[in-house]
Amino acid sequence: MRSLLLRLAEGLLEPVCLACDSPLPAAAESGLCRDCGRGWPPAPAPAGLPGVAPLLTCWSYGGTARRLVLRAKEERSSPILPLLRARLTRRWLLAGLEPGAVVAAPPSRARRRQGWHLAEELAAGLRRASGWPEEIALRRLRERPAQAGLDGRERRLNLRQAFGASLHRPPWERGALPQPPERVWLVDDVVTTGATLRECGRALRALGVKRVGALSLCRVAPGSSDRRS
């Protein structure tokens with residue numbers, strides 16, 4: 001993968017597509033070439049996971065969406081990020097969702113070492129657009145082996161009781177603990193088998209949250225080779 005600095009340097013001489021680096025006409029305001037602009041895989045039908053409903057996504061995981069997400073996950077200051085944030089916010093607006101707290105699925109140890117997490121950037125953008133609070137912190141209670149190469153059942157077993165949830169409490173508050181929100185929206189970048197969201201939902205319900213839903217940029221289609229990666 002070309003580094004962000006290399007692509008920016010190229011862009012000083014000639015604009016390039018955010019997804020494929022091909023030369024880009026200066027008038028292409030989307031930042032995508034013609035082929036990539038038409039290469040968005042359709043969104044899967046709204047669906048839920050056990051304990052997490054609804055689950056809304058912008059696209060299936062493939063084509064232009066896959067290329068952009070993979071690049072955005074590696075580059076903190078990527079020019080791709082505003083585009084992805086805008087698409088997720090548009091999905092939220094079109095769905096007319098019930099208000100609730102917005103929290104990102106926790107990053108893995110490798111992502112924490114990287115210093116940032118795409119899902120957290122997306123969740124922060126959604127909170128700014130909606131005015132909905134965070135209220136809840138999700139964290140990993142223990143590290144587990146990487147999920148790559150595991151099927152859905154193996155992923156669920158691998159993540160069992162891996163997450164914990166707690167309420168944010170301002171330091172000036174005293175007395176009784178605040179009540180958890182009725183509704184929480186989880187945000188993630190890519191849903192593969194749904195194991196992470198399901199386990200996050202379990203942690204939130206253990207805290208007292210009654211309804212947990214999720215928003216994601218992409219969802220891997222059943223049977224796709226990406227379900228094993």
Side-chain angles (χ1 to χ4, degrees), residues 1-46 54-97 102-108 111 114-132 134 185-192 196-197 213-221 224 226 229:
M1 180 187 299
R2 295 182 182 179
S3 69
L4 174 62
L5 290 177
L6 177 58
R7 288 194 285 118
L8 286 177
E10 291 174 339
L12 293 175
L13 302 176
E14 181 180 29
V16 294
C17 174
L18 292 173
C20 71
D21 291 336
S22 63
L24 189 68
E29 296 182 1
S30 68
L32 300 173
C33 68
R34 180 180 300 178
D35 289 341
C36 290
R38 295 183 301 197
W40 299 101
L55 166 58
L56 302 178
T57 52
C58 298
W59 310 285
S60 296
Y61 191 54
T64 299
R66 183 179 186 276
R67 290 194 295 272
L68 289 178
V69 168
L70 288 175
R71 285 187 164 184
K73 286 165 77 79
E74 301 302 326
E75 300 169 357
R76 181 168 195 164
S77 300
S78 171
I80 299 167
L81 184 57
L83 170 63
L84 297 180
R85 269 198 303 244
R87 292 298 182 103
L88 189 66
T89 299
R90 183 172 181 268
R91 185 72 179 93
W92 157 71
L93 286 169
L94 291 175
L97 300 178
V102 178
V103 63
S108 65
R111 290 296 171 192
Q114 184 175 280
W116 84 294
H117 184 37
L118 178 57
E120 291 175 348
E121 296 288 332
L122 295 170
L126 189 57
R127 285 193 294 268
R128 287 193 296 270
S130 65
W132 297 348
E134 186 172 17
W185 294 103
L186 289 165
V187 176
D188 208 351
D189 42 40
V190 178
V191 177
T192 306
T196 298
L197 294 180
L215 296 99
S216 177
L217 291 173
C218 299
R219 186 170 188 177
V220 177
S224 168
D226 282 302
S229 61

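Just so you know, residue 1 is the first one in the sequence shown, and it goes up from there. What you see is a predicted model; the values in this text were computed from it and never measured.
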Check whether any side-chain heavy atom of [X] sits under 4.5 Å from a side-chain heavy atom of [Y], and report yes or no.
X	Y	result
Cys218	Arg66	no
Leu70	Tyr61	yes
Arg71	Asp21	yes
Leu186	Leu215	no

**Message:** Please verify the inter-ring angle class for Trp185 with Trp132; under 30° counts as parallel, over 60° as perpendicular, anything in between as tilted.
**Reply:** parallel
Nearest 0.5 Å please: distance from the [atom1] atom of [X] over to the [atom2] atom of [Y].
X	Y	atom1	atom2	answer
Leu197	Arg219	CG	CZ	8.5 Å
Ser78	Leu18	OG	CG	7.0 Å
Ser216	Leu56	OG	CG	10.0 Å
Arg91	Leu97	CZ	CG	8.0 Å
Leu94	Cys58	CG	SG	9.5 Å
Leu81	Leu118	CG	CG	6.5 Å

At their closest point, which heavy atom of [X] faces which heavy atom of [Y], and how far apart are they?
X	Y	result
Pro79	Pro82	O-CD, 3.3 Å
Leu32	Cys17	CA-SG, 3.7 Å
Trp92	Ser130	CZ2-CB, 3.3 Å
Ser60	Pro41	O-CG, 2.9 Å

**Message:** Any side-chain to backbone donor/acceptor pair from Thr57 onto Leu217? Under 3.5 Å, distance only.
**Reply:** no
**Fill in**
Val187 meets the side-chain contact (heavy atoms from CB on, under 4.5 Å) criterion, sequence neighbours left out, with Leu88, Val102, Leu122, Ala123, Leu126
**Test salt bridge (charged side-chain N to carboxylate O under 4.0 Å, His left out) applied to Arg67 - qualifying residues, sequence neighbours left out** = none
**salt bridge (charged side-chain N to carboxylate O under 4.0 Å, His left out) partners of Glu121, counting only residues at least two apart** = Arg85
